[in-house]
Amino acid sequence: MKELRLLIADDSDKTREIIEKILEYEEGMKVVGHATNGKEAILMSEKFEPDIILMDINMPVLTGIEATEQIMYKLPDTVIIMMSVQKEIGYLKKTMEAGAKNYILKPFNTEEIIDTIRNTYKKEKDKKVQIERLKEKKDARNPKTITVFSTKGGVGKSTTAINTAIAIKKETNKKVIIVDMDVYFGDICTMSDVDPSITIIELIEEIAILSSENIHDYIIETELGVDILAAPKKPEYADYVTTEHIKKISHILKENYDYIVFDMDNKFSDLNLTIMDQTDLILYITTMEITSIKNAKLGIDVMKSLNYADEKIKLVVNKSDENYGINLGDIKKVLEREIDFCIKSNDKIVVSSINKGIPIMTEKKRNNMMEGFEKIAKGVR
Ligand SMILES: Nc1ncnc2c1ncn2[C@@H]1O[C@H](COP(=O)(O)OP(=O)(O)OP(=O)(O)O)[C@@H](O)[C@H]1O
Ligand SMILES: [Mg+2]
């Protein structure tokens, strides 16, 4: 282990001598400087850049609290341990606010001071390593958010969301989560035969303390390979979810996942717009029905008026091989744009997959719908 370099700041010659004597025989510790007041403590810390400063609270010229504040500003990695007598205990909160990491009460014995130095330094070092790791993880990640939307109900949004998420997982083997934002009537857990033991509502109850470290407590890990943030269990809970919640949740999910797939309901609600504003891609679903195409036209126009970039919106035609008098060429003409992806129709496989809670993309036997989801997965990655 690296030798710890210490600075002792105390106006009492006797205290400094005692500490120095204690540390003299301690392996891996070396006193590199002394200070008899706060100002000197600052000068000495700049000169020696010690790992640890043992700092008295009450010192002339500048107090230990003021010195700590200034040292933390210039040398934030320095670990400062305050030394105080019982009657100064009221000041300790202030010293912590100034940036001290621990304190020790005088008089102390050899064991106490050595343990405090070692434990405090180790704790701070571990913390730094952990922060570095999280930062590296975050930097290595380039999260992508995909929102599955349509202004029409029942066009296959949830079917597309869950199967696209699984297809992305298969394609990339990266971390994928599906967020069920159909807050009134979320279907994702039912479609994947998952018991929503924990939902976005429980997460919101703890939103103030939500962080990258605890977000997984609110997420369901599934055998599908993708995680789920479940919708509220009952429609009456839906209104608890606000745009502010969603902003914070998205931010933290981006630190933890490579792909985040949002399954939505069919409204241009504030909640949905908050998600779509910050999403990388919108998979806009339509079927071959005239009402669905008309709604897609209106919906995409709204998105254009919101200045969403053309590349952000991908048009997905579901049940694209159904032939009821409208073909893909008609859709292109009406919507004045290209079709990005097509998903074929298969009543039997979709209904049985939903009823069994086994998404199509996890079926062993190939079927005509898989290709569509695989193409989406390749196209959005
Ligand atoms: N490619 C397909 N082939 C056949 N049937 C399909 C297909 N896609 C979806 N369906 C049918 O449409 C129904 C609705 O699908 P899904 O729940 O995915 O739509 P949704 O847009 O999420 O609906 P909601 O607006 O209620 O959330 C399904 O129950 C299924 O029966
Ligand atoms: Mg749905």
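Positions are given from 1 along the sequence. All of these numbers come straight from a predicted model, not from anything done at the bench. Every number for a ligand or one of its atoms is a count from 1 in the order of the listing.
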Minimum-distance protein heavy atom relative to [atom]:
atom                    : answer
atom 19 (O) of ligand 1 : G156 N, 2.9 Å
atom 18 (O) of ligand 1 : T159 OG1, 2.5 Å
atom 3 (N) of ligand 1  : N346 N, 3.0 Å
atom 10 (N) of ligand 1 : V350 CG1, 3.8 Å
atom 31 (O) of ligand 1 : V351 CG2, 3.8 Å
atom 24 (P) of ligand 1 : G154 N, 3.5 Å

Ligand 1 to [X] polar contact by distance, N or O atoms, under 3.5 Å:
X    : result
K344 : yes
K152 : no
M264 : no

Atoms in ligand 1 with a heavy atom of [X] nearer than 4.0 Å:
X    : value
D347 : 4 (C), 5 (N)
I354 : 28 (C), 29 (O)
M369 : 1 (N), 2 (C)
N318 : 1 (N), 2 (C), 7 (C), 8 (N), 9 (C)
M191 : 17 (O), 18 (O)
G153 : 25 (O)
D182 : 27 (O)
S345 : 1 (N), 3 (N), 4 (C)

Exercise: do [X] and [Y] side chains pair donor with acceptor under 3.5 Å:
X    : Y    : answer
T147 : T279 : yes
T145 : D280 : yes
S158 : D263 : yes

Exercise. Of all the heavy atoms in N266, does at least one lie under 4.0 Å from an atom in ligand 1?
Worked result: no

Exercise. Got a salt bridge between E66 and K39, using NZ or NE/NH1/NH2 to carboxylate O under 4.0 Å?
Worked result: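 Looking at K39 together with E66, the answer is no, because their closest N to O distance does not fall below 4.0 Å.
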
For this session: Give the C-alpha distance, both sets of side-chain angles, the deciding distance and a yes or no for salt bridge (charged side-chain N to carboxylate O under 4.0 Å, His left out) between K128 and E132.
Result: CA-CA 6 Å; K128 251 179 249 156; E132 250 345 277; over 6 Å; no

Problem set entry | Pick from K319, K157, K348: the one approaching atom 2 (C) of ligand 1 most closely through a non-hydrogen atom | K319

Problem set entry | From T199 atom OG1 to Y240 atom OH, the distance as rounded to the nearest 0.5 Å | 11.5 Å

Problem set entry | CD1 on I246 to CG on L271, rounded to 0.5 Å |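 Atom-to-atom, L271:CG and I246:CD1 are 5.0 Å apart.
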
Exercise. Can you find a heavy atom in the side chain of V155 that is under 4.5 Å from one in the side chain of N318?
Worked result: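 No, too far: nothing below the 4.5 Å cut-off.
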
For this session: Report yes if the side chains of I219 and L203 come closer than 4.5 Å at any heavy-atom pair, otherwise no.
Result: no

Exercise. Does the ring of Y259 carry K144 above it, NZ/CZ under 6.0 angstrom from centre and within 45° of its axis?
Worked result: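 The answer is no; the distance or angle limit is not met.
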
Exercise. Does any N, O or S atom in S158 come within less than 2.8 Å of the Mg ion (ligand 2)?
Worked result: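 Yes.
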
For this session: Could you tell me whether F268 and F149 have their ring centroids closer than 6.0 angstrom?
Result: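 Ring centres of F149 and F268 closer than 6.0 Å.
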
Problem set entry | Closest contact, heavy atoms only, A230 versus I220 | CB-CD1, 4.0 Å

